[in-house]
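Encoded as C-alpha cells, the structure appears first; notes follow it.
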Amino acid sequence: MLNPLNKFLQFQPLPRSATRRQVLLTGLGLAFGSFGSRFAVAQQNERVTRVAPPPKPAGSKRLVMIDPGHGGIDSGAIGHGGSKEKHVVLEIANYVRQHLAGHSNIEVKLTRESDHFIPLYQRVEIAHQHQADLFVSIHADGYTSPEASGASVFALSNRGASSTMARYLSDKENDADRVAGAKYQEEDNNYLQQVLFDLVQTDTIKNSLTLGRHVLDRIRPVHHLHSKQTEQAAFAVLKSPSIPSILVETSFITNHHEEQLLNTGAFRQEIAQAIAQGIVNFFAYFDAHERKPR
C-alpha cells in the first residue's frame with residue numbers, strides 16, 4: 001500500500017449537529033485503529049464506524065480506482081454540438097483500464113461501468129471499500145467561455161483553491177449532486193465533513209501532487225495544457241484521507257475544437273494512454289523514492 005493508513009476504517013456519517021470535538025475524536029479513531037475507534041464511539045454514544053476490510057496480503061497488486069465523472073441523470077458538461085461529458089469520460093476510463101491491463105502488478109476497477117448516477121461521497125466510499133491505492137477521477141468539463149481549452153490535473157486542497165479556474169471547477173463539480181436532489185447533497189456534506197484530518201492527509205496530498213505531476217508529464221506531449229502544474233481545490237470527490245487522489249480534466253467539452261477532439265477514438269485513446277503511463281511512472285517513482293523498508 002502507498003500509505004500505512006490505507007487500512008482506513010470505513011465509517012458512517014456523523015449527524016449535522018456533530019461538534020468539532022466529535023469530528024476530531026472520530027478522526028483519531030480512524031487514524032489509530034480499533035482502540036481509538038471504540039474510544040470515539042464511547043465519547044459520542046453512537047456507532048460511527050463499520051468493520052474495516054481485511055488487510056491486503058503482502059505482494060498484492062496495486063489497485064487503481066478510475067472514476068468516470070457524472071453519469072445517469074447527471075450528464076455533466078454538454079458541448080455546443082451536443083456531446084455529453086458522462087459518455088466521453090466513461091469511454092476514456094475504459095481505455096485507461098485497457099492500457100493498465102498489461103501491467104501484471106496493477107489491477108483496475110471503475111466506480112461505474114455504465115451510464116448511471118453515483119453520489120460524490122459514494123465514489124470515495126467505493127475506493128475505500130476496495131482498498132484502492134490510487135483514485136483517478138476523469139472529466140471533460142465546461143466553462144462559461146468557449147475559449148477555455150487544454151487539459152488540467154487537480155489534487156485536493158484544504159487551504160483554498162490555487163486559481164480562479166480551480167475554484168470555479170471545484171464548485172461546479174461539488175454541485176453535481178444537486179441534479180439528483182437535496183438528499184444526496186446532505187449525505188455528501190455529512191460524510192465528507194469528517195475526512196479532512198491534517199494528521200492523516202498531509203502525506204496523502206503530497207502523494208497526490210506527485211501523481212498529478214507524473215500524469216501531467218505524460219499528457220504534455222500529446223495535448224495542450226490549460227495549467228502546467230497540478231492545481232489544487234476542495235473537490236469533494238478527492239477527499240479521501242488515505243488514498244492519493246487526482247481529478248483529470250482531459251479537455252474542455254465547451255470548446256468547439258476540443259469537443260471535436262473528444263469525439264474521436266484516436267484522441268480518447270491517446271489521452272487515456274497518457275493517464276495510464278503517468279500512473280505507472282508514479283508507482284515506479286514511489287517504489288524508488290518513498291517506500292520504506294518493512
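Applying the side-chain contact (heavy atoms from CB on, under 4.5 Å) criterion to R218, with sequence neighbours excluded, gives A274, Q277, N281. Looking at residues two or more places apart in sequence or on another chain, you find no side chain to side chain donor-acceptor pair (under 3.5 Å) involving Q273. For N255, there are no side chain to side chain donor-acceptor pair (under 3.5 Å) partners, not counting sequence neighbours. In this structure R213 satisfies the salt bridge (Lys or Arg N to Asp or Glu O under 4.0 Å) test with no other residue, sequence neighbours excluded. Residues satisfying the ring-ring contact (aromatic ring centres under 6.0 Å, His included) criterion with H224, sequence neighbours excluded, are absent altogether. Residues satisfying the side chain to side chain donor-acceptor pair (under 3.5 Å) test with Q229, not counting sequence neighbours, are none. For H223, the ring-ring contact (aromatic ring centres under 6.0 Å, His included) partners are F267, not counting sequence neighbours. By the side chain to side chain donor-acceptor pair (under 3.5 Å) test, S149 is found to be paired with no residue, residues two or more places apart in sequence or in another chain being considered. Not counting sequence neighbours, the partners of L225 by the side-chain contact (heavy atoms from CB on, under 4.5 Å) test are A151, L216, I219, R220. Residues that satisfy the ring-ring contact (aromatic ring centres under 6.0 Å, His included) test with H80, not counting sequence neighbours, are H256.
The structure places CG of L261 at 9.0 Å from CD of E270, a figure rounded to the nearest 0.5 Å. For the atom pair OG of S152 and CD of E249, the computed distance is 6.5 Å after rounding to the nearest 0.5 Å. Taken from CZ in F235 to NE2 in H139, the straight-line distance is 7.5 Å, to the nearest 0.5 Å. Between atom OG of residue S157 and atom CG of residue L209 there is a gap of 9.0 Å, rounded to the nearest 0.5 Å. Atoms OG1 and NE2, on T210 and H289 in that order, are 10.5 Å from each other to the nearest 0.5 Å. Between H214 atom NE2 and T230 atom OG1 the span is 10.0 Å, to the nearest 0.5 Å.
Minimum interatomic distance between S75 and I78 (heavy atoms only, all atoms of both residues): OG-CD1, 3.7 Å. Nearest approach of T250 to A140, heavy atoms of both residues: OG1-CB, 3.7 Å. Nearest approach of A77 to G142, heavy atoms of both residues: CB-N, 3.5 Å. Shortest non-hydrogen contact noted between P244 and S208 is CA-OG, 3.3 Å.
Looking at M65 and Q129, their side chains never come closer than 4.5 Å, going by heavy atoms from C-beta outward. Side-chain atoms of V124 and L120, non-hydrogen and from C-beta on, never get closer than 4.5 Å to each other. By the 4.5 Å heavy-atom criterion applied to side chains, P241 and H128 are counted as neighbours. When side chains are defined from C-beta on, K61 does not count as touching H103, because their heavy atoms never get closer than 4.5 Å. Considering only heavy atoms from C-beta on, N263 comes within 4.5 Å of R268 through its side chain. Within the 4.5 Å cutoff, side-chain heavy atoms of L134 are placed close to those of F283.
Taking the charged nitrogens against the carboxylate oxygens, K84 and D115 have no contact shorter than 4.0 Å, which rules out a salt bridge.
Counting only residues at least two apart or in different chains, salt bridge (Lys or Arg N to Asp or Glu O under 4.0 Å) contacts with residues 272-282 are absent.
The aromatic rings of F282 and F286 sit tilted, their planes meeting at an angle between 30° and 60°.
Side-chain atoms of Q232 come within 3.5 Å of backbone N or O of L156 as a donor-acceptor pair.
Under the 6.0 Å cut-off for aromatic ring centres, F252 and H226 qualify, their centroids lying closer than that.
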Under 3.5 Å, sequence neighbours excluded: what are the donor-acceptor pairs made by side chains of residues 105-112?
{"from": "T111", "atom 1": "OG1", "to": "D67", "atom 2": "OD1", "distance (Å)": "2.6"}
{"from": "R112", "atom 1": "NE", "to": "P68", "atom 2": "O", "distance (Å)": "3.1"}
{"from": "R112", "atom 1": "NE", "to": "H70", "atom 2": "O", "distance (Å)": "2.8"}
{"from": "R112", "atom 1": "NH1", "to": "S114", "atom 2": "O", "distance (Å)": "2.9"}
{"from": "R112", "atom 1": "NH2", "to": "G69", "atom 2": "O", "distance (Å)": "3.0"}
{"from": "R112", "atom 1": "NH2", "to": "K86", "atom 2": "O", "distance (Å)": "2.8"}

